[in-house]
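Input: a single structure, listed below in structure tokens.
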There are 2 protein chains.
Amino acid sequence: MSTAVIYHDTPIASTVREATDGLTVVAAESDADVRDHLADADIFVTNPQNWTDDFLESLSAGTWIQSTSIGYDAFPLAEFADRGVTFTNAETLHDTAVSEHAFALAFALSRRLGPLFDNQRRRDWSRRVGDEMWLWEGRRMTVFGLGNIGESVARRARAFGFEVYGVKRTPSIYSGVLPPDRVVATERFYDLLPETELLVLTVPLTDETRHVIDASVFEALPDSAAVVNVARGPVVDQDALLAALEAGEIRGAGLDVFEDEPLPEGSPLWGRDDTVVTPHVGGRSDDFSVRFTRLFVDNYRRWRAGESLANRIV
Amino acid sequence: MSTAVIYHDTPIASTVREATDGLTVVAAESDADVRDHLADADIFVTNPQNWTDDFLESLSAGTWIQSTSIGYDAFPLAEFADRGVTFTNAETLHDTAVSEHAFALAFALSRRLGPLFDNQRRRDWSRRVGDEMWLWEGRRMTVFGLGNIGESVARRARAFGFEVYGVKRTPSIYSGVLPPDRVVATERFYDLLPETELLVLTVPLTDETRHVIDASVFEALPDSAAVVNVARGPVVDQDALLAALEAGEIRGAGLDVFEDEPLPEGSPLWGRDDTVVTPHVGGRSDDFSVRFTRLFVDNYRRWRAGESLANRIV
């Protein structure tokens, strides 16, 4: 008999409970709940937002942690390895949602939905906002990071008439929708920027990508460029981004992720007319529970059978 | 020497003036301005929003009216014909902007951008909104009206993984991106509805299409459906739409056009969480002046040369 502690802000505990046999599911609602039950559990399901290193001491060797997210920069992987803890992520679970979210942000910027929503709330039929709209068709989109999500964004962007380029650490291993001459190595990223009007960030956070989008990137982009970040906040130097927006070096930002989350109430990003802030919900959708449960059940079956787990990181 | 009165809420008078020789351009700023100058002009540039039938008496035979819009249901075409007035519209000028706007509305609904903008204004990092989001991938989109804009929407939608169907008066003359078995005649429209989750309206307003989207359509759609209207307001029975939203018969509406424009301040549509209201700006973009001026200059050259005008309706 196994016990899983599930600590998540969606009701996946109930769908997992229904879909599994021989598994006791504990739905934790607070850090304290987790600490009360984790020592007796052999499975822990959570996400980076809910994880705290305080949980480490309750993890015994052999425990399996299944994250509901793709990014795992918030988890202490070396500690997991030291303690004999297995860690799996949710690669591919969120691709579609994140790429649809990226376009939602891009169109919210180009169609000026922020000011239009303000007008809607005031019941104000002002058509002047229309003068500030722009077309995406025919403009260059550079997708920074051609993993599953970046590829998914690139595929959709081509149908919208974007001139799509991609940046990949190792372009030679790329095999996707973009022609080979449109995929460049990170070192050549700057060559693309003067013509880039939409920079979409879909790269994992690593030591190499931390603050890879800095003041020099914003300087190299044209004034008419916008940035969409559906990757991880620290990929962008957020102070430099804010300065670039304030100086008019770029004309907009669609941000689902931030250096500090929740985004502090005092951040000027909240109040900007040229910036769309969403609270790290790019991966969400109403079939998340179904999709996650399917992934979990498959991994749980493997785990009970002693097979190797899917998406194993540690 | 010709005189053009230009009555429009964007600065096209100056771009047209710069791009033409031998043309006196009068930029009218009010109905009274138009009445003062129209009798002495031989060209009138305006849009359906600015048009009023009071202008008719100032139009002499031989006057050419160039509309900046596609739809011409607001213009008295029979009166134009009677008076020997030529009328041209701006077919294809707005295709890209309108289809990008349609996706902006569709994604604003599925990613719940309205509630998220409200939260942004309050600096509120609430992730619960994420539970209400849905994916478009894999769902059926039905495009009602496969003219230039409908075709443009259909082409983009396929890249997003929509299962795209189209409705056309005469499917036999369709030649576009959709397979023939995905294009049905208006009579078969209802067959598509039970599986349609995004209904996009891109049909011209005619006697046949007035209120073609009525209570029976909303009943036939699943509860999970949303409607996007970038065509003309009266294509939809707006009272029936409101009733369907209130009853939960559909889950959202993205509306750029309305039965009465401006949308009256008292309309409940303004205040709905499940409805995105934009003020008939689907065709707008910051290169509108450039695009329109190119179209006008071409037609002006034809007009001076006595050639037939492009996009001539009357």
Side-chain angles (χ1 to χ4, degrees), chain A residues 9-11 49 96-97 100-101 103-105 107-108 110-114 116-138 155-161 261-263 265-267 270-271 275-288, chain B residues 9-11 49 96-97 100-101 103-105 107-108 110-114 116-138 155-161 261-263 265-267 270-271 275-288:
Chain A
D9 47 344
T10 68
Q49 287 81 25
T96 299
E100 293 192 5
H101 201 76
F103 283 92
L105 293 173
F107 284 115
S110 68
R111 305 311 294 173
R112 300 290 284 145
L113 295 188
L116 287 176
F117 273 115
D118 289 341
N119 288 348
Q120 179 173 346
R121 296 306 177 229
R122 287 193 294 258
R123 296 167 179 256
D124 172 1
W125 181 274
S126 170
R127 304 182 71 223
R128 289 275 164 198
V129 180
D131 300 342
E132 304 162 6
M133 296 176 171
W134 66 87
L135 300 183
W136 283 126
E137 188 178 75
R155 192 173 60 241
R156 287 161 167 81
R158 281 158 54 93
F160 274 86
E261 294 182 9
L263 182 64
E265 206 182 321
S267 169
W270 286 114
T275 301
V276 182
V277 170
T278 61
H280 204 149
V281 288
R284 294 297 181 88
S285 71
D286 58 1
D287 66 351
F288 169 78
Chain B
D9 48 342
T10 70
Q49 288 81 24
T96 299
E100 293 192 4
H101 200 76
F103 284 92
L105 293 173
F107 285 115
S110 68
R111 306 311 294 174
R112 300 289 286 144
L113 294 188
L116 288 176
F117 273 115
D118 290 340
N119 288 348
Q120 180 173 346
R121 296 305 177 232
R122 288 192 294 258
R123 296 167 179 258
D124 171 1
W125 182 274
S126 169
R127 303 184 72 222
R128 288 277 164 197
V129 180
D131 299 343
E132 304 163 7
M133 296 176 172
W134 65 87
L135 301 183
W136 282 127
E137 188 179 75
R155 192 174 58 242
R156 288 161 167 80
R158 281 157 54 95
F160 274 86
E261 294 182 8
L263 182 65
E265 206 181 321
S267 170
W270 285 115
T275 302
V276 182
V277 170
T278 61
H280 203 148
V281 288
R284 294 294 183 87
S285 71
D286 59 359
D287 67 350
F288 169 77

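Computed from a prediction, not measured in an experiment: that's the story for all the values here. All values below were derived from every heavy atom in this structure, side-chain atoms included, with hydrogens, water molecules and symmetry-related copies excluded.
When heavy atoms are compared at a cutoff of 4.5 Å, B:R128 approaches chain A solely by way of its side chain, counted from C-beta outward. Contacts between A:F117 and chain B at a heavy-atom distance below 4.5 Å involve the side chain alone, from C-beta outward. With a 4.5 Å cut-off on non-hydrogen atoms, A:V129 does not touch chain B at all. For B:D118, the part sitting under 4.5 Å from any heavy atom of chain A is the side chain, from C-beta outward, and nothing else.
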*Any chance you could lay out the side chain to side chain contact (heavy atoms under 4.5 Å, CB included) test for A:F160 and B:F160, step after step, and finish with the verdict?*
CA-CA 10 Å; A:F160 274 86; B:F160 274 86; 2.7 Å; yes

*Checking side chain to side chain contact (heavy atoms under 4.5 Å, CB included) for the pair A:M133/B:D286: CA distance, chi angles, key distance, verdict?*
CA-CA 6 Å; A:M133 296 176 171; B:D286 59 359; over 6 Å; no

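Pairing each heavy atom of A:A159 with each of B:A159, the nearest pair is CB-CB, 3.0 Å. The shortest heavy-atom contact between B:A104 and A:L113 is O-CD1, 3.9 Å. Looking at every heavy atom in both residues, B:W270 comes nearest to A:W125 through CH2-N, 3.8 Å.
Between the CZ atom of B:R284 and the CG atom of A:D131 there is a distance of 5.5 Å, given to the nearest 0.5 Å. Note that CZ of A:R127 and CG of B:D9 are 5.5 Å apart. Values are rounded to the nearest 0.5 Å.
Of the residues considered (A:D124, A:T10, A:N119), A:D124 shows the highest number of contacts with chain B, using heavy-atom pairs under 4.5 Å. Heavy-atom pairs under 4.5 Å with chain A peak, among B:H280, B:R155, B:R122, at B:H280. With respect to chain A, the highest number of heavy-atom pairs below 4.5 Å among B:Q49, B:H101, B:Q120, B:R112 belongs to B:Q120. Note: A:V276 leads A:D287, A:V276, A:L105, A:T275 in heavy-atom pairs under 4.5 Å with chain B. Note: B:L135 leads B:L116, B:L135, B:V277 in heavy-atom pairs under 4.5 Å with chain A. Comparing A:R121, A:E132, A:R158 by how many heavy-atom pairs each has under 4.5 Å with chain B, the most go to A:R121.
For A:R111 (side chain) and B:T278 (main-chain N/O), no donor-acceptor pair under 3.5 Å exists by modelled atom type. At distances below 3.5 Å, not a single donor-acceptor pair connects side-chain atoms of B:E265 with backbone N or O atoms of A:R123. The main-chain N or O of B:S110 is never found under 3.5 Å from a side-chain atom of A:E100 such that the two would form a donor-acceptor pair.
A salt bridge links A:R156 with B:E137; the closest basic N to acidic carboxylate O contact falls under 4.0 Å.
By the 30° and 60° cut-offs, the orientation of the rings of A:F107 relative to B:F107 is parallel.
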